[in-house]
Amino acid sequence: MPDELGPDKHVPKDSPPAAPPAPPDKSAPPPAEPPLAIVDRPITYDEARMARTIAYRRAHQDPAASGVEIEPRMIILHHTGGGSADATWRYFDRPTIESARKTIADAGDLNVSSQFLVDRDGTIFRLMPETSMARHCVGLNHVAIGVENVGDLDQHPLTDAQVEADAALVRHLKARFPAITHLIGHHEYLAMEGHPYFLERDPKYRTRKADPGPAFMTKVRARVADLGLEGPLVR
Ligand SMILES: [Zn+2]
C-alpha cells in the first residue's frame, strides 16, 4: 500500500493541509495474529482419536493424563518421505496406525499426524488445532507443534517455497504462542533427551530420524534468526 501521508509532489502548494490522522480507537480489539495464508484442511480428530490420544499420553507421558490439549513450547519440522499433500492428508486422516509400522504400532495404536502440512509450492495446510496433541515426535509430542513438508532427501528435495513457508509459519506461531522457545528438525530430537521438555516413559522407545536434514534447517533458521529460538541441546 502506498504511503498516503507521505510527500506528494503532485499536490499544489496552496492546497489545505491534510486532516490529522484519527486517534486510535480505544475499543478496538488487540492486534490480530500476523497475516499468513493458511488453508484449513482438518483430518479426523473425533472422540475415538481423542481417546487414543489420551491412551498414548498415559502410556508415554503421564499416567494421569486426561485430555489432548498441549501448551506449545517447540516447533518440529519434518519431511514426509515422499507422496503428495493429498496422500499425506489421507494417511494422517486415519485414526489408527498401520500395523506394518511395527516399532510405532507396538507403542500404541494412535496414528501419526502433524498440526501442519506444507506442500511443495509452499501452500500451508492446517490439519488440526495447534493445541491438540499430534503424534509426530517421540518424547516431545506434549509440547511440540509438528510441521510436515511434502518431499524427501533424494528424489524430491524440499523446495525454496517450503523454506519460505516454514519460516513464515514459525514466525506466525511464535507470535501466537510466545512461550515457544525451540525450533528443531526431527533428525535433531534425540539431542533433546535430558531437556525438561523431553518426556517418554519407555526408555527403549526411540526412533532414528533423518528428516528434514541439516541443510533445510539451516535455511529456515537463517530466516527466523531474529526470533532467538533455541535449537537442540549441544553436548
Ligand atoms: Zn519426521
Side-chain angles (χ1 to χ4, degrees), residues 41 43 53 56 60-61 70 72-98 100-120 122-128 130 132-159 162-163 165-167 169-170 173 180 182-193 195 197-200 202 205-221 229-233:
R41 199 175 169 195
I43 57 170
T53 301
Y56 176 95
H60 294 276
Q61 300 165 3
I70 67 167
R73 297 277 192 271
M74 311 181 64
I75 300 164
I76 302 179
L77 307 186
H78 302 257
H79 70 216
T80 58
S84 63
D86 281 347
T88 303
W89 186 92
R90 286 195 299 272
Y91 186 81
F92 287 175
D93 186 49
R94 295 187 300 205
T96 52
I97 193 110
E98 57 182 327
R101 295 185 74 170
K102 189 168 185 326
T103 304
I104 301 179
D106 284 352
D109 67 355
L110 172 66
N111 195 16
V112 296
S113 66
S114 61
Q115 284 85 354
F116 290 93
L117 173 63
V118 179
D119 205 349
R120 299 188 59 74
T123 302
I124 301 170
F125 297 102
R126 177 164 36 212
L127 309 185
M128 45 184 281
E130 291 88 341
S132 295
M133 198 202 86
R135 182 179 186 183
H136 61 97
C137 183
V138 171
L140 296 166
N141 291 316
H142 62 300
V143 288
I145 293 174
V147 180
E148 284 280 358
N149 290 271
V150 178
D152 58 36
L153 287 171
D154 312 309
Q155 301 288 319
H156 307 95
L158 299 183
T159 65
Q162 287 171 311
V163 170
D166 280 47
L169 182 55
V170 167
L173 291 172
I180 289 176
H182 283 66
L183 168 66
I184 69 168
H186 198 186
H187 65 282
E188 299 171 322
Y189 90 95
L190 285 172
M192 292 298 293
E193 199 163 353
H195 188 281
Y197 288 169
F198 195 94
L199 179 59
E200 171 52 61
D202 180 353
Y205 180 44
R206 302 289 184 272
T207 52
R208 293 249 162 227
K209 292 291 174 180
D211 68 304
F216 186 75
M217 290 308 300
T218 297
K219 289 180 197 169
V220 174
R221 285 189 170 120
L229 296 172
E230 295 177 55
L233 286 179

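As the structure is a computational prediction, the values presented were derived from the model and not from experiment. Counting starts at 1 for both ligands and their atoms, following the listed order.
Classification of the Y189-F198 ring pair by plane angle, with boundaries at 30° and 60°, yields parallel.
Among the atoms of C137, no N, O or S atom is found under 2.8 Å from the Zn ion (ligand 1). Residue contacts to the Zn ion (ligand 1): D211 brings an N, O or S atom closer than 2.8 Å. For the Zn ion (ligand 1), the set of nearby N, O or S atoms under 2.8 Å includes one belonging to H78.
Looking at residues two or more places apart in sequence or on another chain, you find no salt bridge (Lys or Arg N to Asp or Glu O under 4.0 Å) involving E200.
The closest approach of H186 to the Zn ion (ligand 1), by N/O/S atoms, is made by ND1.
At distances below 3.5 Å, not a single donor-acceptor pair connects side-chain atoms of T123 with backbone N or O atoms of D119. Checking side-chain atoms of R120 against main-chain N and O of A85 turns up no donor-acceptor pair under 3.5 Å.
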